[in-house]
*Asks:* 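After the structure tokens below, expect a handful of questions from me.
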Amino acid sequence: MGKSNFDVIVVGAGFAGLYMLYKLRELGLSACVLEKADDVGGTWYWNRYPGARCDIESVEYSYSFSPELEQEWEWSERYASQPEILRYLQHVANRFDLRRDIRFNTTVTRARWQEKEAGWQVDTDQGDTLTARFCIFGTGCLSSPNRPNIPGLDNFGGDIFVTGLWPHDGVDFTGKRVAVIGTGSSGIQSIPVIARQAQHVAVFQRTPNFVVPAQNRPLEDHEQAEIKLTYRDLREQARHSIGGVARGAAPSPRPALATPPEDLRRELDERWEFGGLGGFLNSHPDTVFDEKAADCIAAYLRMRVRGIVQDPATAELLCPTTYPVGSKRLCVDIGYFETFNRDNVTLVDLHAYPIDRITEKGVVAGGDLHDVDIIVLATGFDAMTGALGRIDIRGRDDQALADKWSAGPRTYLGLMAAGFPNMFTITGPGSPSVISNMVTSIEQHVDWIGGLLADLHDAPQTVIEAMPEAEEVWTAHVTAVAEPTIFMQANSWYLGANVPGKPRVFMPYIGGVGTYRAICEAVAAQGYPGFARDGKGKAALPDFFSFLPMPA
Ligand code: NAP
């Protein structure tokens with residue numbers, strides 16, 4: 001066993017943990033990263049299902065902290081596939097010699113604040129106990145798979161694969177009859193690829209999703225060279241944008257409801273041809289706030305489904321009608337709807353035919369047995385709080401984070417929770433995180449945490465902590481910003497609605513990446529109001545609403 005005391009322990013070696021380690025080294029702090037997997041990658045290590053790829057353009061879904069790295073790395077496609085993103089993260093780990101401070105195959109089981117020592121004690125499944133002044137969680141927002149509670153699941157006689165925990169040597173679907181349960185991003189990406197190989201695929205759909213085309217393609221050399229010439233500007237724009245991206249269709253200045261139908265149609269056709277999330281999220285200033293405006297976009301997307309899917313009854317089932325477009329995470333596809341024109345694919349509508357149980361032979365829905373060899377669970381994640389909830393995290397007075405968050409997560413700026421001193425969450429609940437380009441948001445958090453740690457450099461015993469009043473104000477602000485939007489109207493994982501028993505609380509901060517950055521920067525510039533140092537702090541917070549571009 002190596003060294004056991006560090007300035008900082010970081011949990012997770014995905015995009016967040018790797019950059020955090022790089023930053024800590026820059027600050028001259030000793031750090032140890034603990035990682036459950038046997039390699040770096042986080043999400044991109046675990047989600048190896050067929051068709052897995054990024055739904056943000058790779059030139060933007062990548063680190064900006066090193067201009068050299070940015071110039072060296074070549075992306076082969078507009079939206080990189082999982083193997084390519086994993087190779088990128090492996091390259092980053094090697095290029096910056098990060099691996100020597102990462103302990104792989106090590107699951108953190110417990111993290112406990114030690115009052116007397118003013119630091120954290122972290123226990124692992126390897127029997128190690130490590131200590132550090134700070135503990136930083138980079139455990140990801142979508143990293144704790146949600147296994148559905150379907151009766152008889154464990155009785156199935158064939159193989160069950162979970163998209164978020166896919167086997168490393170892949171799955172051969174040749175000649176197999178496959179059931180895919182779940183039609184979110186993971187299902188929508190994997191179903192077309194599985195269908196090309198399998199004998200038959202039965203898709204079990206509970207709620208149809210709004211889907212826009214990726215329009216993926218190889219990235220031409222000249223295009224990449226042009227991007228590289230302007231990378232600094234591009235990154236700067238992304239940092240101050242709404243969603244953490246700079247490229248893509250710009251939002252229309254005109255509300256959808258004020259746009260003549262023929263103009264709207266032309267505009268949406270252009271967005272469809274361009275592809276990607278950006279063209280249809282925040283496409284118009286009114287679509288996030290006004291259900292009728294969102295309906296204009298929804299009608300267009302349903303029209304597209306009907307134009308692709310040949311069987312009218314199947315097309316109707318694939319058209320979402322029960323929630324506003326954008327209120328559940330928009331999905332980006334490559335040939336999803338076309339897949340339902342294949343002879344070997346059937347759609348099972350779980351509203352008409354709910355899953356009764358799973359037997360040794362297959363899935364029984366609406367009384368009918370779907371006899372299959374393989375079940376693929378594309379049933380999502382216990383988002384934002386799930387990975388933290390799996391660790392027994394104890395703050396002051398032995399309070400469990402899980403208990404503190406039993407009615408929903410409470411943080412100050414998504415970075416710290418009151419009662420959990422010297423502990424940070426990278427892209428924690430209450431920050432833009434999943435509602436943004438994750439890499440932009442990760443870098444912003446790591447830089448901000450790095451700035452604070454640098455500030456504490458000359459006072460190595462200082463204990464920093466979110467003040468309860470600040471946490472209360474921020475948590476209320478996160479809810480208040482989400483409340484007037486369509487986001488509150490769907491049973492989405494943003495609201496925890498996909499996990500039975502999880503409190504219905506809107507978890508990410510929807511005020512925009514640029515707004516949130518400005519708030520964090522103002523807090524730092526004002527001497528960190530809302531954060532107590534050794535029990536003392538300024539309670540007078542900035543007026544968070546004043547940062548928003550829209551009326552509160
Ligand atoms: P998801 O969006 O939560 O989708 C899960 C699917 O499983 C939904 O269709 C859900 O139906 C269904 N489901 C859950 N429990 C079920 C049950 N007991 N019976 C039947 N159906 C059930 O999960 P995901 O597809 O893994 O995506 C999660 C998020 O990860 C995405 O929104 C995205 O942010 C991210 N992601 C991104 C990419 C990418 O392109 N980069 C790829 C994959 C994932 P209901 O809708 O009715 O709940």
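Counting convention: from 1, in listed order, for ligands and their atoms alike.
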*Asks:* Salt-bridge test for Glu70 and Arg235: reply yes if a basic N is under 4.0 Å from a carboxylate O, no otherwise.
*Replies:*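 Yes, this pair counts.
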
*Asks:* Does ligand 1 have a heavy atom under 4.0 Å from the side chain of Phe204, from its backbone, from both, or from neither?
*Replies:*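 For Phe204, no heavy atom sits under 4.0 Å from ligand 1.
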
*Asks:* Answer with yes or no whether Thr183 contacts ligand 1, where contact means a heavy atom under 4.0 Å from a ligand atom.
*Replies:* yes

*Asks:* Looking only at protein heavy atoms, identify the closest one to atom 40 (O) of ligand 1 and say how far it is in Å.
*Replies:* Gln189 NE2, 2.9 Å

*Asks:* Under a 4.0 Å N-O cut-off, is there an ion pair linking Arg48 with Asp169?
*Replies:* no

*Asks:* Considering only non-hydrogen protein atoms, determine which one is nearest to atom 42 (C) of ligand 1 and report residue, atom name and distance to 0.1 Å.
*Replies:*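 Atom 42 (C) of ligand 1 sits closest to the protein heavy atom Tyr49 OH, 3.1 Å.
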
*Asks:* If the cut-off is 4.0 Å to any non-hydrogen atom of Leu350, which atoms of ligand 1 fall inside it?
*Replies:*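 By the 4.0 Å cutoff, the relevant atoms are 20 (C).
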
*Asks:* Compute the ring centroids of Tyr63 and Tyr22, then answer whether they are less than 6.0 Å apart.
*Replies:* no

*Asks:* Would you tell me which option among Gly182, Ala497, Gly184, Cys331 has the nearest heavy-atom contact to atom 4 (O) of ligand 1?
*Replies:*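 Of the listed residues, Gly184 has the closest heavy atom.
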
*Asks:* Check Arg53 with Glu77, please: is the shortest side-chain N to carboxylate O separation under 4.0 Å?
*Replies:*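 Arg53 and Glu77: salt-bridged.
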
*Asks:* Under 3.5 Å, is there a donor-acceptor pair linking the side chains of Thr427 and Ser441?
*Replies:*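 The criterion, which ignores hydrogens and geometry beyond distance, is not satisfied for Ser441 and Thr427.
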
*Asks:* Under 4.0 angstrom from ligand 1, any heavy atom of Val434?
*Replies:*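 Distance cut 4.0 Å: Val434 fails for ligand 1.
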
*Asks:* Should Ser186 be counted as touching ligand 1, given the test is an N or O pair under 3.5 Å?
*Replies:* yes

*Asks:* Which residue owns the protein heavy atom closest to atom 21 (N) of ligand 1, what's the atom, and how far is it?
*Replies:*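 The answer is Ile181 CG2, 3.8 Å.
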
*Asks:* Return the closest protein heavy atom for atom 39 (C) of ligand 1 as residue, atom name and distance.
*Replies:* Arg53 O, 3.2 Å

*Asks:* By the definition side-chain contact (heavy atoms from CB on, under 4.5 Å), identify the one residue from His284, Arg271, Arg302 that meets it with Ile297.
*Replies:*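 The option that passes is His284.
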
*Asks:* Say whether Asn491 and Arg504, considering side chains only, have a donor N or O and an acceptor N or O under 3.5 Å apart.
*Replies:* yes

*Asks:* Taking the minimum heavy-atom distance to atom 38 (C) of ligand 1, which of Ser185, Pro145, Pro148 ranks first?
*Replies:* Ser185

*Asks:* Looking at Gln310, is its backbone amide N or carbonyl O close enough to the side chain of Asn341 to form a donor-acceptor pair, meaning the two atoms are under 3.5 Å apart?
*Replies:* yes

*Asks:* For Thr207 and ligand 1, does the shortest N/O to N/O distance drop below 3.5 Å?
*Replies:* yes

*Asks:* Can you report which non-hydrogen protein atom sits closest to atom 35 (C) of ligand 1, along with the distance?
*Replies:* Leu142 CD1, 3.7 Å

*Asks:* Judged by non-hydrogen atoms, does Trp493 sit under 4.0 Å from ligand 1?
*Replies:* yes

*Asks:* With a sphere of 6.0 Å drawn around CG of Asn149, does it hold more than 12 non-hydrogen atoms of other residues, nucleotides or ligands?
*Replies:*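 Incorrect, the count does not exceed 12.
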
*Asks:* Is it the case that the side chains of Tyr300 and Asp269 hold a donor-acceptor pair, with the cut-off being a distance below 3.5 Å and no angle test?
*Replies:*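 Note: Asp269 and Tyr300 side chains meet the donor-acceptor criterion.
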
*Asks:* Parallel, tilted or perpendicular: which one describes the rings of Phe280 and Trp272, with boundaries at 30° and 60°?
*Replies:*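 Judged by the thresholds at 30° and 60°, the geometry between Phe280 and Trp272 is perpendicular.
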
*Asks:* With a cutoff of 4.0 Å, is Val332 in contact with ligand 1, counting heavy atoms of the residue only?
*Replies:* no

*Asks:* Using non-hydrogen atoms of the residue, decide whether Tyr494 is closer than 4.0 angstrom to ligand 1.
*Replies:*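 Distance cut 4.0 Å: Tyr494 fails for ligand 1.
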
*Asks:* Show which atoms of ligand 1 fall inside a sub-4.0 Å distance from at least one heavy-atom site of Lys328.
*Replies:*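 Result: 45 (P), 46 (O).
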
*Asks:* Among Gly380, Ala490, Ser492, which one puts a heavy atom closest to atom 23 (O) of ligand 1?
*Replies:*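 Selected option, by shortest heavy-atom distance: Gly380.
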
*Asks:* When you measure from atom 14 (C) of ligand 1 to each heavy atom in Gln205, Met438, Arg206, which option holds the nearest one?
*Replies:*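 Shortest heavy-atom distance from atom 14 (C) of ligand 1: Arg206.
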
*Asks:* For Ser144 and Arg390, test the side chains for any donor-to-acceptor distance below 3.5 angstrom and give the result as yes or no.
*Replies:*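 On atom types as modelled, these side chains qualify, holding a pair under 3.5 Å.
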
*Asks:* Of all the non-hydrogen atoms in the protein, which one sits nearest to atom 5 (C) of ligand 1, and at what distance?
*Replies:* Ala378 O, 3.3 Å

